[in-house]
Amino acid sequence: MYHLKGLNEAQQAAVETVEGPILVLAGAGSGKTRVVTYRIANLLELGIPSSKILGVTFTNKAAGEMQERVRTLTQSNVLISTFHSLGARILRESIHVLGYKSQFSIYDEDDTYKLLKACIDDLAITDKKMEPKAFKQLISQAKNNLQGPEDCEKGPSPLEELFPSVYARYQTYLQEYHALDFDDLLYLTVKLLRDHPEVLENYQNRWAFLLIDEYQDTNQAQYEMVRLLVARSGNICVVGDPDQSIYSWRGANIKNILNFEMDFPGAKVVRLEQNYRSRSNILEAANALIGFNFNRYEKNLWSDLGPGEKIKHFTGDTEQDEARFVADRIAYYHDKHKIPLKEMVVFYRTNSQSRVFEDRFLFKRIPYVIIGGISFYQRREIKDILAFLKMVHSSSDFISFSRTINIPKRGIGEASIEKIRIGATQEGLSIIDFCEKLVRGESLMFPIKLTPKQRQGLTEYLNIINELKRISKDCSLKEVVISAIEQSGYLKILAEDRETFDDRKGNLDELITKSIEWELATESPSLGAFLEELSLKSTLDETSSEQDRVNFMTIHNGKGLEFPVVFIVGMEEDLFPHANSRDSKEAIEEERRLCYVGMTRAKEYLYLADARTRYLWGTSRTQRPSRFLKEIPSKYVEKLRSGISAAYPRRSRQNEEFIEEIDQTKGAVGFDEIVLGDAVFHNEFGVGIVQEMSQGSLGLTYKIHFSKGNDTKSIVAKYANLKKL
DNA sequence: CAATCCTGATTTTTT
DNA sequence: ATCAGGATTG
């Protein structure tokens with residue numbers, strides 16, 4: 001069989017096992033993706049119809065990539081989906097038995113906070129400490145554990161005492177608005193499948209071969225969903241690595257993978273332990289680190305790619321120093337080793353760390369891209385337009401109504417919106433139907449007084465929605481999106497802020513482009529399907545261009561990726577491992593797994609960096625090096641000299657790379673842009689001209705003549721943050 | 001109801 | 001330091 005060429009024994013076993021439960025313990029870089037795609041190819045070759053196969057992955061991006069690989073290999077289309085889209089798909093078809101309309105909206109985090117706020121206000125909870133966020137956490141937890149409001153009891157704390165009633169109300173509203181939050185996509189799917197055998201049977205018959213990726217990160221609801229779906233066929237293949245479980249804070253239960261053999265008796269277990277990605281110095285260092293975890297299944301991941309270079313550890317004086325070092329190294333690899341920028345990555349623990357790197361890379365003019373972070377679909381202008389479209393799609397969606405009703409300003413503020421909400425509920429009408437009756441002055445049990453301006457505004461709004469509904473019936477998706485932008489007069493609103501206009505308009509144009517592309521790529525395009533797909537899209541899925549840029553991302557977002565050159569920065573206690581993990585042994589172990597994931601992304605070069613002091617919560621803090629640095633055996637690590645001195649290596653230094661680097665930049669690394677005669681800007685003294693450059697005891701020192709005060713001062717480059725003009 | 005100013009939190013990770 | 005949301009004022 002052509003598939004089996006080039007696979008090792010364990011990989012072949014995983015590919016060839018067709019029936020029954022199978023657990024593939026796939027260490028980092030062990031060729032997991034290949035095994036999965038070949039396994040699907042093998043199923044197809046055995047004559048199993050592609051429609052009988054279902055793959056489930058963690059992200060849309062992973063799903064898309066796998067689908068593409070399978071298509072390339074076999075010319076077949078196999079359904080590969082995330083848990084959440086799978087839930088959405090099933091619910092779209094069958095949710096009516098739970099009393100929701102099949103055109104339900106999907107609420108993102110933002111929407112759910114708004115709804116929760118309404119619930120909190122409803123219950124006359126005035127305590128400021130009772131934030132939507134806290135309740136969201138509890139509700140999410142409950143749903144992930146398959147507990148409905150009726151299963152929740154009051155707890156001892158004030159928050160826990162209110163929680164059941166908030167949850168109940170929240171869920172009632174969601175149902176009333178025919179809206180689902182993210183967790184509902186799993187929770188309601190399980191509820192549906194569990195309580196309605198005839199529905200379950202339908203899906204059990206549809207998919208006879210299930211394949212679950214990243215199984216170590218499944219939560220209770222996902223686990224239950226899988227269990228229900230395979231109960232009939234028993235053909236389930238799960239792939240995962242307990243050492244890479246990094247989502248327990250989101251309800252992922254590592255026991256799901258550890259208990260697989262118990263849950264599915266007779267399961268075959270295959271271990272993939274040869275790593276094809278990393279040099280052995282890197283891999284062995286990572287193995288040693290993860291060995292510090294107590295709670296763990298032993299495994300022996302090995303590589304025959306040769307030792308490679310040692311891991312480099314750099315300690316900066318400050319976070320700027322750290323960023324400067326990373327930027328210089330990346331410039332060096334790009335210039336001297338001709339490594340494309342996009343093959344290098346900076347990993348950090350928290351998003352806020354990206355800031356310093358952005359500053360530095362902007363300054364050095366090294367192109368970069370942040371993966372993750374604020375999503376395109378979270379931008380206000382995009383959310384606004386999508387909210388209009390959601391109103392077109394579902395006239396019950398109150399959150400989208402309240403988002404759009406006052407765009408542009410129609411004199412309908414918070415108070416009026418609240419009255420409308422209550423009115424609609426009491427009349428038992430959808431928001432739109434209620435408003436229709438209201439403006440027509442039809443008799444209502446609960447009439448609301450409107451000012452003439454409000455009445456007119458509301459009428460206009462309803463006209464817009466109706467017009468858009470008409471367009472959505474007759475025209476292409478593109479037309480609907482364009483009309484929504486035009487009809488709402490949105491560009492006029494954007495134009496009020498000249499600063500951001502171009503940016504935001506560009507985003508709207510991109511939305512139009514996306515709608516065109518999507519319509520072309522989709523078999524039966526509809527507004528509903530489009531909205532659903534966008535709701536489930538995450539920031540990670542926007543791996544847009546093929547441009548050559550350095551990647552910045554959190555380590556969480558790096559899972560599943562690999563890079564020749566990897567920098568892990570901020571290796572400091574309370575940052576990585578994070579302060580919030582300090583008192584929990586389990587949490588520390590998860591941080592360690594996270595570090596393991598970061599390290600095992602690297603193929604050739606791995607850098608670890610920390611800073612002695614860092615600005616955190618407003619003030620400069622002295623940082624202690626991460627315990628992980630101490631846990632990595634020193635034989636795998638080369639310690640680089642710290643602080644500004646790294647920019648001035650002694651000539652006697654053996655490291656050729658550094659000498660090349662210095663020659664190349666003709667002076668101080670990081671200050672190479674400033675030379676004699678340059679005009680510069682100093683924060684305190686203003687604009688000046690560089691008169692002299694010298695090597696002082698504190699490092700590179702400029703004599704600068706400042707026009708303000710007509711004065712020449714000595715400025716130490718390291719401390720001044722001079723800007724070239 | 002809308003605009004402006006002020007305060008206080010905010011920084012863990014996200015399908 | 002920045003930003004969101006709240007309070008205050010028009």
Side-chain angles (χ1 to χ4, degrees), chain A residues 56-63 81-88 106 108-110 112-114 117 126 128-129 131-133 136-137 140 143-144 181-187 213-214 217-219 221-222 225 245-252 319 347-356 359 371-375 377-378 380 405-406 408-419 450-451 453-454 457 496 535-541 553-560 570 574-582 584 587 590-591 593-595 597-598 614-621:
Chain A
V56 182
T57 61
F58 206 63
T59 64
N60 290 300
K61 189 176 157 222
S81 161
T82 63
F83 273 106
H84 289 86
S85 347
L86 177 64
I106 297 172
D108 68 8
E109 191 120 310
D110 224 49
T112 59
Y113 284 154
K114 283 184 181 159
K117 183 131 195 338
T126 48
K128 290 258 172 55
K129 284 268 166 330
E131 287 181 336
K133 210 172 167 183
K136 180 74 210 310
Q137 178 85 26
S140 194
K143 286 184 177 175
N144 283 336
D181 68 14
F182 254 136
D183 301 312
D184 280 339
L185 294 173
L186 308 175
Y187 165 66
D213 194 15
E214 307 282 13
D217 283 325
T218 51
N219 64 30
Q222 290 163 330
M225 200 159 136
S245 162
I246 54 176
Y247 283 101
S248 75
W249 49 273
R250 223 175 61 194
E319 71 269 33
F347 282 137
Y348 35 78
R349 178 66 239 268
T350 68
N351 277 310
S352 58
Q353 286 169 260
S354 72
R355 191 65 171 271
V356 202
D359 286 349
I371 310 287
I374 310 133
S375 161
Y377 301 101
Q378 281 168 18
R380 201 188 63 212
I405 180 62
N406 219 16
K409 300 257 186 299
R410 295 186 169 94
I412 299 172
E414 210 180 322
S416 308
I417 292 174
E418 181 63 9
K419 280 184 212 159
L450 294 174
T451 65
K453 189 184 166 196
Q454 288 178 323
E496 284 165 18
S535 318
L536 296 174
K537 270 241 149 75
S538 80
T539 58
L540 296 185
D541 306 323
M553 67 184 91
T554 62
I555 307 171
H556 281 87
N557 283 336
K559 195 170 77 161
D574 287 352
L575 187 57
F576 192 23
H578 195 271
N580 294 9
S581 317
R582 205 187 314 187
S584 153
E590 177 144 323
E591 296 284 306
R593 289 195 293 270
L594 189 58
C595 187
V597 167
R614 180 180 294 271
Y615 275 96
L616 231 46
W617 302 298
T619 43
S620 175
R621 277 194 45 166

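Hydrogens, waters and symmetry mates are skipped; everything else that's a heavy atom, side chains included, is used. Just so we're on the same page: letters track the sequence lines, and every chain starts at 1.
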Classify A:His578 by what it touches in the nucleic acid, base, sugar-phosphate, or nothing, heavy-atom distance under 4.0 Å.
sugar-phosphate
The nucleotide from B:dC1, C:dT2, B:dA3 with an atom nearest the side chain of A:Lys409 is B:dA3
If you only use heavy atoms from C-beta on, which nucleotide in B:dT13, B:dC1, B:dT14 is closest to the side chain of A:Arg250?
B:dT14
Stacking between A:Trp249 and the base of B:dT13 (centre distance under 5.5 Å, interplanar angle under 30°)?
yes
Rounded distance (Å) that lies between atom C1' of B:dT15 and atom CG of A:Asp181
12 Å
Pair partner, B:dT11 [Watson-Crick or wobble, under 3.5 Å]:
none
Name the closest nucleotide to the A:Thr350 side chain, picking from B:dT11, B:dT14, B:dT12.
B:dT12
Side chain of A:Asn351 only, heavy atoms from C-beta on: which candidate in B:dT14, B:dC1, B:dT15 is closest?
B:dT14
Counting heavy atoms from C-beta on, name the nucleotide in C:dG6, B:dA2, B:dT12 closest to the side chain of A:Lys117.
C:dG6
Using a heavy-atom cut-off of under 4.0 Å over every strand shown, decide if A:Asp183 touches base, sugar-phosphate, or nothing.
nothing
What nucleotide among B:dT11, B:dT15, B:dT12 has an atom nearest to a side-chain atom of A:Lys133?
B:dT11
May I ask you to say what A:Ser416 touches in the nucleic acid, namely base, sugar-phosphate or nothing, with a heavy-atom cut-off under 4.0 Å?
sugar-phosphate
Heavy atoms under 4.0 Å, any strand shown: does A:Asn144 hit a base, just sugar-phosphate, or nothing?
nothing
Could you check A:Phe182 against A:Arg410 and say which one's nearest nucleotide on DNA chain B is further toward the 5' end?
A:Arg410
